[in-house]
Amino acid sequence: MEPTHNIRRLMDLYRTMSRIRAFETAALNAHKEGVVPGPLHVSIGQEGVAAGVCLNLTTEDRITSNHRGHGHALAKGAGVQGMMRELFGREGGHCRGKGGSMHIADFSVGMLGANGVVSGGIPIAVGAAQGLKMMRSSAIAVCFFGDGAINRGPFLEGLNWAALYNLPVLFICEDNGVSAFTATDTVTAGPGVIARAESLGVPGVTVDGNDALAVDEAAGRLVAEVRGGKGPRLLHAKTFRITGHTSTDAAAWRDPADVAAAKARDPIDRLGVLLAERGVATADLDALRLSAFEEMEAAVTDAKAAPWPDEAIAYEDVQDVGAVRFSGVSA
Amino acid sequence: MEPTHNIRRLMDLYRTMSRIRAFETAALNAHKEGVVPGPLHVSIGQEGVAAGVCLNLTTEDRITSNHRGHGHALAKGAGVQGMMRELFGREGGHCRGKGGSMHIADFSVGMLGANGVVSGGIPIAVGAAQGLKMMRSSAIAVCFFGDGAINRGPFLEGLNWAALYNLPVLFICEDNGVSAFTATDTVTAGPGVIARAESLGVPGVTVDGNDALAVDEAAGRLVAEVRGGKGPRLLHAKTFRITGHTSTDAAAWRDPADVAAAKARDPIDRLGVLLAERGVATADLDALRLSAFEEMEAAVTDAKAAPWPDEAIAYEDVQDVGAVRFSGVSA
Amino acid sequence: MSVHQVTLVEAVRLAALQEMRRDPTVWVMGEDVARGGLYGQYKDFLPEFGAERVVSTPISESTIMGAGLGAALVGTRPIIEMRIFDFVMCAMDELVNQIAKIRYMFGGQARPSVVVRMPHGIWRNSAAQHSQMLESWFVHLPGVIVVTPSTPADAAGLLVSAIRSDDPVLFFDPKNLFPVTGDVASVIEPIPFGKARLAREGRDLTIVSWSAIMPAVEQAAATLAAEGIAADVIDLRTLWPWDQAAVCASVEKTGRLLVVQEAVSVAGFGAEVVSTVVETLGPARVKAASRLGAPRIPIPFSPPLEDAVKVTPAKIVAAAKAAMA
Amino acid sequence: MSVHQVTLVEAVRLAALQEMRRDPTVWVMGEDVARGGLYGQYKDFLPEFGAERVVSTPISESTIMGAGLGAALVGTRPIIEMRIFDFVMCAMDELVNQIAKIRYMFGGQARPSVVVRMPHGIWRNSAAQHSQMLESWFVHLPGVIVVTPSTPADAAGLLVSAIRSDDPVLFFDPKNLFPVTGDVASVIEPIPFGKARLAREGRDLTIVSWSAIMPAVEQAAATLAAEGIAADVIDLRTLWPWDQAAVCASVEKTGRLLVVQEAVSVAGFGAEVVSTVVETLGPARVKAASRLGAPRIPIPFSPPLEDAVKVTPAKIVAAAKAAMA
Ligand SMILES: Cc1ncc(C[n+]2csc(CCOP(=O)(O)OP(=O)(O)O)c2C)c(N)n1
Ligand SMILES: Cc1ncc(C[n+]2csc(CCOP(=O)(O)OP(=O)(O)O)c2C)c(N)n1
Ligand SMILES: [Mg+2]
Ligand SMILES: [Mg+2]
């Protein structure tokens, strides 16, 4: 990469991370205000992973995500208005208000959905890769999941399957060290995700997930291999979730030292330092963060003003065939 | 081991294998005659694994098994009459005629049951080990499953769990190379079961499953480690199933060369050769095989003559609480 | 269009074959399918369609189900073969939480066009883990179509509809009826979901049933007819949607309803039929409404025990007579 | 014996605490239980009982369920915490094919004495994968007891019975009612399975319900009473076994039956209640029999959409009036 291109790419990463941070901060605040209903899982501190991976994907590539999917969706290009309205449960949400944060999806940009079930996205991504391969598409599938997900059966089944059929799928284990409120290493045996993946025929690479540039570079290599027909790969990105498990979890149970250390390794700040070293003016970076902030504030304003979905919408998108309303007395 | 003891132990192995072979041969014939109903999965050619492992267990130790469980049950000490009657669906069967071959169990000797679901025994064995540990028992749990089972999620979950809680459980992967009618290596990626186990924190050892002595020695070591509190272990026993998947599968799809090679490696014949080398008279071995044959023929005669269970038995063993017969019109 | 006599398993084989020839996005996956499937329902598919469209899988039920969904999301139409219904218990998250809900949760963006084939029912002494009938569960589950045919022609026509459906279809092959023969057309036309088949016309009593127990019902109806009781016999063919209009019209005529199910009676689909009829017509217009089914026990192995819990023609005749009393 | 006012979640906490103190073979396992559980239902258990009896597990639902079974087979009594009902879909083989059938398949040798706790129901905009109610499925499944309490006292007493039961018990915590308060005795006595609670006495109509929707039912009954319609309100408390005698006796008195369920109406437990009443009393003795429940759609996220599918006091009042017409 020659220097200017490199700067542009770094700025892309910086912009994406800033937008994710701004989106989730705005959503968190709105949740505290009581205007975002239901559970909300944010990924503050983890933005480097989503940004670094998705920068290497095309719109035709597909991703599946987990319960913590805002960053993945935004990095994949999902529309902000549709996302924010979805979180608010309003008309114009990507899922028409039926999904909410835990079921964010934007098929128009290849975002095949968040998932409320841990590991739920693994077989779906594997199958998407199989379908894409069958249809001779050049697109690949990318599957985001947490470190907690590697203790569920679908991890084994999905990776074995992907290796067996040599499928174009890239697995991303976004390792923030916690499974809900439990430290993952207290419930996980053996040497870790890379060993597990390799035992299933899927080569893996570990990267510092708080270094967006490193993620970008590693993902770039792996995406090229996957797209080149070399079969599935796994990227293990070590990161840290600064906030709690859900918006209502103040994360008081965490070691403050760990949180402080993580804040010092904040992926956005780190990339900012690097960009400054490479000569980008601080003002330019600030402008970029401000514009992300404004974009998301505007999205909140829009979502707040958006109408609630009409009750009739509850009865749509169920099935083409078969009544949805109960033939007898029904709610 | 001093030589005479060794011979006695080898004779034990020989006897157990011969009894398994005789039991299954008798059952197969009875099935062909039409007096054993339902599906029947026999393990002819694999007897070395069950015999070698179970020789190292006490009655208090528990085992779980799979759909191919006659050998495991017999080697663990299950009563032959109860087993044969169960296969025939008669009164006096271990499961009162409700289970049949696929659900053979004899809790009185620690045989916690065959299983009609591939991998079904894995979490049960793990939990049994956890309960035993909690109750400060010196007993361990042993879990038999096939090579096909390592592609289901419970393999990952169960081994991780066992390693995590340092449970007294020994996993036995009885690797006959086939999953029903499909060669297992055509549906399995990666370097194999040992790598998978080790990636989950469970050390494993591979052994020639057709060499009963080798199985006995390896299992002896592993059982001692497990019983000694060192945590779970896995034994990978490579073997060959000479007969088809079920009694109605003539296994015409197999390569005759493979079958011939396997027959040449028959675990019973091989141990016979070894015993002869060590000075045991062929007549003694023949007598042992004959007595096994006669024992099982007698069991068949007994089972054939045994009464059918009374219809009322169908309604027992469901629940202590709640009617089993339908309150309305019922079958 | 010629018609020929084939077994039910051959009928569904021909249906899948026709659709895979018609539409290159249709494919099948499951254990041993390259070998033709456990029952020969995919016999000779591998040579014709190749290993990419006839995929023998590992024993990985959750991924068989979930990968089927993923493949549907990118535009293919997988037939997901579960081998034996009971094994779908290993794939329930993928079926219940993902396939059934994905279109709705995502506001219509996803179309999980899969057919999940689950041969079900009592099958010669296969015992508790290989004999279950839980089809009524899925009627209670929003997002799926539930298909329960009993004849070769219906199974074939409904499988064609299932493969062409954009909604996910749970197709319950009546595995005990695979050897039963019947006429099937050389070009298999789709049969619409939600239309019952009137298997026999009567006036005294309405017998409603579906799936593998239908032959016993028809036999019982013949016995009843010989004794002067003429029953309308309705084969629902699909449980969701189900032909409420046909059933209600028949009970309006006969005044008496008997639902016969191979499954456990308690909280089974029979309860839905009885309740719907009573609610729709009003109790005053119903002289009798009852259910016949299995007691609430797992399926035992031994033949006489299994017989004890099986619904038989004699039991159906007795229940029908009770309903006439 | 003193009585105090506590929340439902505290009531079930006290019940489990009492039983774990009483019986050292009782233990609990599930995700985050060492931290007190997702709802605080195991708060302070870890310091008292230690990590061997309060086991925080990996996210491994099939093994949580299956290991619970294995541990029961060697003589312990695990409480299997599923966190949220919907996740049991990841453990259905272990529950349906193993736990429910093992005693029967093995001719009585196995006693799977487990309690599976599955907090269920609509819970403040949690959407389709965290709000399901499929309790009726398990009534149709031989081998298990189905418990669906709605008050702190009932939840506590029934949990005590569940822990002492040798049969496997599926305990549906009504998660939306966790903050609701009520009186609980300082020594919690077991409540027998299969005995309904008469929540209100009337003569005009029988309303049958259970679990999280009960408060709405009682509110509706109060409204109806104010308008001159006196309903017998029956809280079933357990769906298997269920108190058929109490329900039938009430309908014999009132002549009219309305079943209210938070779950989807189609093929839900309400159908079993209606059918059983009609079959037991005969249609002639029933003037009206109907069900109120959710439409057949997954639970949507957005508040107004969720409200649309929720059963509310107003809807119950309307349905009751329709039943009186
Ligand atoms: C199958 C299943 N079990 C449990 C849960 C509850 N749950 C939601 S998120 C979570 C932790 C997941 O940890 P990880 O995969 O590491 O993701 P993270 O929250 O750390 O991003 C749990 C246990 C769930 N959603 N699905
Ligand atoms: C979950 C599940 N899927 C599929 C089956 C059908 N089935 C029975 S045995 C078998 C093959 C098992 O292979 P393996 O575990 O290697 O045991 P083997 O038969 O070789 O002894 C299959 C697929 C099953 N019983 N359970
Ligand atoms: Mg995590
Ligand atoms: Mg095998």
Side-chain angles (χ1 to χ4, degrees), chain A residues 117-124 126 129-130 145-169 171 173 179 182-204 206 226 230-234 236, chain B residues 117-124 126 129-130 145-169 171 173 179 182-204 206 226 230-234 236:
Chain A
V117 178
V118 169
S119 297
I122 295 178
I124 298 175
V126 163
Q130 196 159 12
F145 51 84
D147 44 313
I150 73 166
N151 289 326
R152 275 204 63 226
F155 177 84
L156 174 141
E157 293 192 7
L159 270 70
N160 178 61
W161 186 292
L164 183 63
Y165 302 114
N166 201 48
L167 299 181
V169 53
F171 300 99
C173 179
S179 301
T182 297
T184 304
D185 60 5
T186 65
V187 288
T188 309
V193 64
I194 296 288
R196 291 188 186 190
E198 289 182 344
S199 81
L200 298 163
V202 179
T206 297
V226 170
K230 296 223 165 60
R233 295 290 185 267
L234 182 136
H236 173 215
Chain B
V117 178
V118 169
S119 296
I122 295 178
I124 298 175
V126 163
Q130 196 159 12
F145 51 84
D147 45 311
I150 72 165
N151 289 326
R152 277 205 60 226
F155 178 84
L156 174 142
E157 294 192 6
L159 269 70
N160 177 62
W161 187 291
L164 183 62
Y165 302 114
N166 200 49
L167 300 180
V169 54
F171 299 100
C173 179
S179 301
T182 296
T184 305
D185 60 6
T186 65
V187 288
T188 310
V193 64
I194 296 287
R196 291 189 186 190
E198 289 182 345
S199 81
L200 298 162
V202 179
T206 297
V226 170
K230 297 224 163 61
R233 295 289 185 269
L234 182 137
H236 174 215

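Order of the sequence lines fixes the chain letters, A, B, ..., with proteins taken first and strands second; residue numbering starts at 1 for each chain. Every heavy atom of this structure was used, including side-chain atoms; hydrogens, water molecules and symmetry mates were not.
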Whatever's closer than 4.5 Å to a heavy atom in chain A on V193(B) counts as neither
When every non-hydrogen atom of E157(B) is compared with those of R152(A), the smallest separation belongs to OE2-CA, 3.5 Å
When the 4.5 angstrom heavy-atom criterion is applied to I150(A) and chain B, the contacting part is backbone
*Show your working on side-chain contact (heavy atoms from CB on, under 4.5 Å) between T188(A) and L164(B) and close with a plain yes or no.*
CA-CA 6 Å; T188(A) 309; L164(B) 183 62; 5.9 Å; no
Under 4.5 Å to a heavy atom of chain A? For I194(B) that would be neither
Whatever's closer than 4.5 Å to a heavy atom in chain B on V187(A) counts as both
Output for pair (R196(B) CZ, N160(A) CG), nearest 0.5 Å, gives 4.5 Å
Smallest heavy-atom separation, L156(B) atom then G153(A) atom, equals CD2-N, 4.4 Å
Looking only at heavy atoms, the pair that brings E198(B) and P191(A) closest together is O-CD, 3.4 Å
Note: vs chain B, highest number of non-hydrogen pairs under 4.5 angstrom among G201(A), S199(A), G192(A) is S199(A)
